[in-house]
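What follows is one structure encoded as structure tokens, with my remarks underneath.
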Amino acid sequence: MKLYPRQRHRVLQVVTKLVIPFVLMFGLYVQFHGDYGPGGGFQAGVIFASAFILHGLIFGLKRTRDVLSPTVLRFMMASGVLLYAGTGLVTMLFGGELLNYSVLAHEPTHGQHWGIFAVELGVGITVTGVMITLFYGFASKR
Amino acid sequence: MAMNSDKQADSGVAAGADSTGPESMAPLARYFRWTDNPASIDRFIRILSYVCVVLFLIDIVWPRYTKVPGEGLWGFYAIIGFVFFSLFVVASRFLRLFTERGADYYAPDCVDAEEYPESATEQLSHAQRPNDTLSSLGRQMLGRDTNGSGREGASS
Amino acid sequence: MMNLMAPPFLYLIAALICPFLPSRWRALLLLGIPVFALMVMLAYPAGEHVVWSVVGFDLTFMRVDKLSTIFGIIFSIAALLSGLYAWHVRDTVQQVATLAYAGAAIGGVFAGDLISLFLWWEGTAVASVFLIWARRTPAATATGMRYLLIQVLSGVLLLAGLLVHYHDTGSIAFEHLGLVSTGTFLIFLSFGIKCAFPLLHNWLADAYPAATITGTVVLSAFTTKMAVYALARGYAGTEVLIYIGAVMALFPIILAVVEDDLQRVLAYSLNSQLGFMVVGVGIGSDMSISGSAAHAFCSVLYQGLLFMSVGAVVYRTGTSRASRLGGLYRTMPVTMLCCLVGAASISAVPLFSGFVSKSLILDASGYNGNYLVWLALLAASVGTVVHTSIKVPFTLFFSHDSGKRPAEAPVHMRLAMIIAAFLCVIIGVFPGLLYSLLPFSVDYHPYTFDHVLVQFQLLLFAALAFVVLKKIGLYPRTVASTMLDVDVIYRKWIPARLPLVARRVADLNASARQSALGLLGNGYGVIERLTRPGAPLARGWSVASMMFVVIVLMCAVLVLNLL
Amino acid sequence: MIDQFPALQIMVTLVAAPICVMIRNPRWSWVCAMVANTFAFLVSLVLLDKVLDDGVIRYAVGGWAAPSGIEYYIDAMNAAVLVLVSGISAVVLLYAYRSVAKSVPAEKHYLFYTAWMMCVTGLLGIVITGDAFNVFVFLEISSLSMYTLISFGQDRRALTASFRYLVLGSVGASFILIGIGFLYAATGTLNMSDLAVRIPESESQRAVLVAFSFLTMGVLIKSAVFPLHAWLPNAYTHAPVAVTAFLAGTATKVSLYVLLRFFFSVFGKDYSFGQHLLNGVLLPAAVAGFVLMSLVAIFQNDLRRMLAYSSVAQVGYIVAGFSLATQSGLTAGIVHVVNHGMVKACLFMAVGCILYRVGHVHTPSLDNLLKRMPFTCVAFIISGLGLIGVPLTVGFVSKFTLIQASLEKGWWAIAALVLLSSLMAIVYVGRVIEIMVFRRSRETGPESSGMSEAPLSMLIPLYVLVGVSLYFGINGSATLEVAGQAATYLLGGLQ
């Protein structure tokens with residue numbers, strides 16, 4: 001399979017367009033349901049990225065880049081890490097140890113919930129960004 | 001005899017250069033003029049011999065205190081003195097056969113081979129200097145001597 | 001600050017300021033410092049003073065007891081007399097060297113530990129060599145170099161010995177050492193060189209005639225006596241010293257009898273006198289040690305006196321060759337009389353100083369029961385008569401008339417000689433004065449009838465022998481010549497054979513160097529082939545080979561650990 | 001607030017990294033990195049001071065207590081290494097601005113500083129953490145960013161060098177991971193203090209042994225001990241010179257710290273050097289390293305390459321000091337970690353200055369450089385003397401301690417070889433100095449006559465570090481005391 005299809009695979013294109021929202025949706029589910037069921041930021045990030053990778057495979061790199069430019073990706077990676085680290089700093093600001101979420105809210109359980117949520121979100125964003133960047137990187141090599 | 005011939009041979013050389021009269025001698029030295037007279041020397045030797053005989057005889061009549069065996073023998077020390085003296089002389093003459101070399105054997109790195117540096121000596125002849133008087137001695141000692149020439153710069 | 005007032009340092013300070021004074025003041029300094037230092041010295045109570053702690057060692061610079069004091073006193077007197085004798089000298093080098101040398105020697109006898117002893121030991125070597133170089137002739141420079149080499153060798157041996165000794169015992173104290181270990185043996189050898197043991201004595205006869213006139217007088221006083229002191233301090237009662245001393249007393253005599261240079265004759269006689277002292281040290285009884293100290297005391301005086309009188313002759317005639325001198329009594333009667341006093345002292349005529357000191361050693365050796373040694377010393381006494389007492393005054397002042405009519409010695413020289421002669425006689429007449437200074441109190445009366453009798457027998461029969469030998473023509477005439485001594489080995493024989501040896505060594509060196517260089521070159525080649533840029537060791541290894549190394553090493557670690 | 005410092009130590013630079021990415025402006029991202037790094041340095045100084053006063057600091061991340069949670073553990077040993085890493089990083093970063101501006105395209109600068117910040121974070125994290133697996137995580141962070149940093153090098157050889165390092169580094173990291181895995185399997189814990197307690201009690205000693213072997217190999221690869229050093233010379237030669245200075249001063253040193261931590265704290269001295277034949281591998285490797293690599297350094301014509309091989313040799317000294325496994329041997333090794341870090345960073349910074357002005361560092365062509373770049377050359381010479389181990393320099397302090405330690409243990413041959421290798425150091429440093437100072441310039445054109453000193457912003461950091469190293473050379477007891485305390489901690493195990 002060629003990565004830069006000039007010729008059109010109609011079936012694939014149509015199916016892809018149908019599938020991508022569901023993939024994104026599932027990614028978000030895995031992301032936000034991670035603290036209750038199987039899942040978490042890493043897996044969610046990969047799943048989320050896979051949607052864009054699929055898009056890139058089918059419609060070509062150029063069009064995907066139009067959707068999600070490398071600049072945005074870089075920003076995503078940085079902001080994900082920043083979100084993670086920021087959470088840690090905030091917990092320290094609240095007087096706990098690094099990443100001790102219990103201090104984030106009045107009740108430790110709530111605090112941990114929020115903490116995990118933020119951290120996982122950071123991981124998810126970063127992983128998404130990294131995955132797509134890797135794909136761009138390899139795909140752009142001739 | 002040997003001394004006599006030595007003296008005669010040398011005085012011939014010396015006579016021309018310097019007078020041997022009493023006036024060229026230091027006053028003190030005049031008491032020793034007998035050493036130049038062979039007859040006086042013979043007398044001196046004779047007296048020495050008599051004294052030796054007397055010393056030897058005393059040894060016979062005087063019981064000496066001894067601390068070393070053999071020391072008490074008659075004339076032990078006399079014999080020792082005579083015999084060892086002769087032995088040393090003979091031995092060194094014998095040694096000389098083997099060890100004598102020319103005066104400049106070690107030249108040039110031996111002081112024997114070179115003259116004594118002029119600057120370190122003050123070669124004044126007695127004839128150039130009058131006899132000392134006490135006052136001249138004092139002056140000399142304080143370095144105000146006017147007789148000697150070039151004394152001050154002897155070796156500075 | 002008061003520590004700097006210790007006598008040795010006084011001398012050194014004087015030596016430091018000496019060059020900056022006008023000439024007359026320098027000569028005065030040479031007189032004043034010994035007197036002042038002597039007073040300071042006598043003011044010290046017995047015990048250890050001026051202890052300086054340097055890098056963990058306590059260096060004792062003033063160990064005052066009777067043994068060191070007697071040497072200190074005689075060294076001060078010698079410094080004073082030689083200062084007076086050298087009144088005419090305007091040579092700053094000599095004056096500084098004299099002060100430094102005397103200071104070092106006095107420091108040496110007051111040193112309470114081996115390290116400070118070593119410092120003074122080298123100090124005497126370095127200071128004294130300038131007295132030789134001050135003659136300023138090429139030969140004197142060469143001789144001085146030889147002298148310095150030997151003296152420094154002695155110092156180096158002392159240092160080595162002291163290090164070994166310190167390693168063995170952990171102590172640097174200069175007390176009785178005894179010949180017990182490598183360290184003490186090295187120190188013994190070092191003392192032996194300065195004391196001119198037989199076969200180590202060459203420097204003595206080599207250097208003394210080479211120094212300046214006053215330099216010779218100074219040299220004769222210090223170095224050897226300091227060594228005698230060191231032996232008495234460290235090796236009293238060492239038996240081998242008795243035999244060394246006996247040989248030492250005897251053998252220079254034979255050399256001296258036929259020697260032409262009178263200064264060298266005196267050097268040999270000095271060596272012979274040292275033999276007496278060494279025997280005394282070797283016997284090690286209170287009496288013999290005292291005898292050695294007393295003999296050293298007297299020896300400095302009469303030996304100095306003899307050197308001064310010969311020096312005065314050299315000063316006036318420019319030579320000390322017996323073959324060129326004779327009949328000088330006519331114009332140098334005072335010098336002659338002083339020389340006779342010195343001769344009488346050295347040959348131990350009663351009423352002169354040698355008599356009261358030599359008898360101590362002779363009797364001590366007699367009581368010690370070593371018959372041969374006693375006889376050897378007796379023979380050496382006779383020998384002294386042969387080569388010094390008769391030969392020096394006779395050839396200088398009487399004998400055949402050389403025709404030279406030099407003026408009498410300068411006044412200050414005469415004064416110095418007269419004082420020395422006076423001291424010799426005073427000691428001879430009142431021996432109690434000397435005996436009260438001795439390290440051990442001795443109950444000894446030299447003036448018994450027996451003793452005076454045998455001494456006169458000995459001396460007068462020796463004189464008789466001289467007369468007889470002279471009459472029959474056996475007594476050796478003085479001839480201008482050089483007598484070989486053992487130093488011929490390193491002055492003539494070795495240098496003569498050196499070119500051959502040197503060529504051999506050079507050949508060997510060349511071939512060895514060639515092979516070594518070849519080897520080195522090959523080794524270098526191998527290394528360079530391994531390590532130059534791009535060579536196996538210096539190449540960037542490929543990933544595969546790196547992985548190979550990792551795997552091999554991993555296997556090695558696993559195997560080693562799991563076995 | 002001061003309780004939070006262990007976390008701040010790594011968080012500051014970690015946060016700075018994404019901020020750099022967002023800023024995207026070369027100058028401001030540098031400023032951001034610089035601020036963060038300076039702050040980290042101050043934090044490490046405070047920590048060192050606190051550790052020396054009050055003893056060990058423990059910090060439970062997330063509030064989870066030690067055996068189950070991740071713990072930051074700081075004793076004299078890692079406090080010293082923290083100061084070294086953050087300090088050298090700060091100085092070199094200050095220096096890097098001009099140096100990088102010339103060699104790296106401007107649009108990539110922010111990425112460069114980001115990678116730098118990540119690398120510092122990783123290195124500090126390795127040092128500060130008390131959790132074995134966390135060590136691996138931070139090791140990966142630092143390694144990955146290091147590969148990136150190296151690949152910023154000017155020519156394409158930098159890419160191959162980086163790639164080789166990547167391969168070998170990954171192998172090393174995997175070995176470490178495998179080792180940690182085995183340890184976890186054998187003991188059921190990842191906390192280092194806990195491991196130290198549980199390893200002797202573990203029932204599967206064979207697994208522990210395998211873990212030990214893998215860990216050893218992995219760390220040895222990362223710290224470039226002799227036969228496993230092959231990645232280092234190329235990487236050091238082709239990386240941007242500021243990166244080289246930074247890496248030479250910190251990266252291998254941190255790996256050596258890990259070695260120490262595992263050998264002495266986790267497995268214990270008796271385990272590492274007693275019943276096992278580690279000496280049979282480690283010491284010969286170290287000795288062969290410092291002898292052979294010094295030899296190789298003599299023949300190098302590229303200044304950076306020469307210094308790179310010399311670095312391998314110095315690692316040999318350090319490992320030799322460790323393998324003596326005595327108080328004084330360890331002290332020597334630790335002191336040399338710090339001292340060599342400073343000296344090598346100085347040397348590479350000086351080389352960077354030369355590169356900045358001359359454009360190459362081909363040794364034989366640097367003749368008469370002293371005339372043109374006096375300050376740089378003087379700094380090079382001072383640091384070169386430190387590398388040789390001339391008295392009054394840091395090199396002397398550590399080499400002297402090492403020789404003393406080996407004599408103390410009775411291993412005369414080691415002492416002799418150290419001296420021999422120091423002689424070689426005299427040769428290879430002396431050769432450069434000779435060329436710089438004494439050799440007459442062959443061409444007397446206008447180009448060689450004028451003075452063209454490196455910019456102040458490069459010289460000042462260089463001289464700051466030279467001054468610090470001189471201070472520690474003259475006042476050797478300062479570092480020796482800290483190192484001695486660290487050695488005592490290590491030999492006594494974890495408290």
Side-chain angles (χ1 to χ4, degrees), chain A residues 35 42 69-105 107-130 132-134 136-138 141, chain D residues 1-24 29 32-33 36 39 43 57-66 69-72 107-108 110-111 113-115 117-118 121-122 124-125 128-131 134 137 140-141 144-145 148 151 159:
Chain A
D35 36 346
F42 195 88
S69 74
T71 318
V72 175
L73 281 177
R74 230 166 257 158
F75 189 81
M76 276 173 67
M77 287 191 279
S79 59
V81 173
L82 214 52
L83 185 56
Y84 191 120
T87 314
L89 286 181
V90 167
T91 59
M92 284 164 72
L93 217 64
F94 279 29
E97 288 92 344
L98 178 70
L99 297 178
N100 187 354
Y101 313 124
S102 313
V103 294
L104 285 178
E107 238 177 293
T109 335
H110 284 167
Q112 284 170 10
H113 186 82
W114 283 112
I116 290 282
F117 181 83
V119 165
E120 290 296 326
L121 185 61
V123 172
I125 292 172
T126 307
V127 169
T128 308
V130 170
I132 298 172
T133 310
L134 278 178
Y136 283 179
F138 282 114
K141 289 267 185 283
Chain D
M1 186 58 197
I2 204 160
D3 297 335
Q4 305 285 0
F5 270 30
L8 272 186
Q9 177 77 78
I10 53 166
M11 286 313 285
V12 181
T13 43
L14 182 64
V15 170
I19 292 179
C20 283
V21 177
M22 291 182 171
I23 290 173
R24 299 201 62 171
S29 55
C32 167
F39 189 69
V43 167
I57 300 173
R58 288 160 182 276
Y59 181 90
V61 176
W64 301 98
I70 294 170
E71 176 192 51
Y72 289 169
E107 72 272 13
K108 284 187 179 170
Y110 74 103
L111 287 178
Y113 294 121
T114 309
M117 283 298 101
M118 289 309 288
T121 309
L124 292 174
I128 206 170
T129 187
D131 183 277
N134 220 276
V137 172
E140 280 298 280
I141 293 179
L144 290 171
S145 42
T148 319
S151 66
L159 292 177

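All values below come from the heavy atoms of this structure, side chains included, with hydrogens, waters and symmetry mates left out. Chain identifiers are assigned alphabetically (A, B, ...) following the order of the sequence lines, protein sequences preceding nucleic acid strands; residue numbering begins at 1 within each chain.
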Would you compute the distance between atom CG of D:L8 and atom CE of A:M92 and round it to the nearest 0.5 angstrom?
3.5 Å
Contacting region of D:A60 [heavy-atom separation from chain A under 4.5 Å]
backbone
Gap separating the CD atom of D:Q4 from the OG1 atom of A:T91, nearest 0.5 angstrom
7.5 Å
Could you pull out the closest heavy-atom pair between A:A78 and D:P18, with the gap in Å?
O-CB, 3.1 Å
Does A:Y84, at its OH atom, have more than 12 non-hydrogen atoms belonging to other residues, nucleotides or ligands within less than 6.0 Å?
no
Contacting moiety of A:T126, where chain D heavy atoms sit under 4.5 Å:
neither
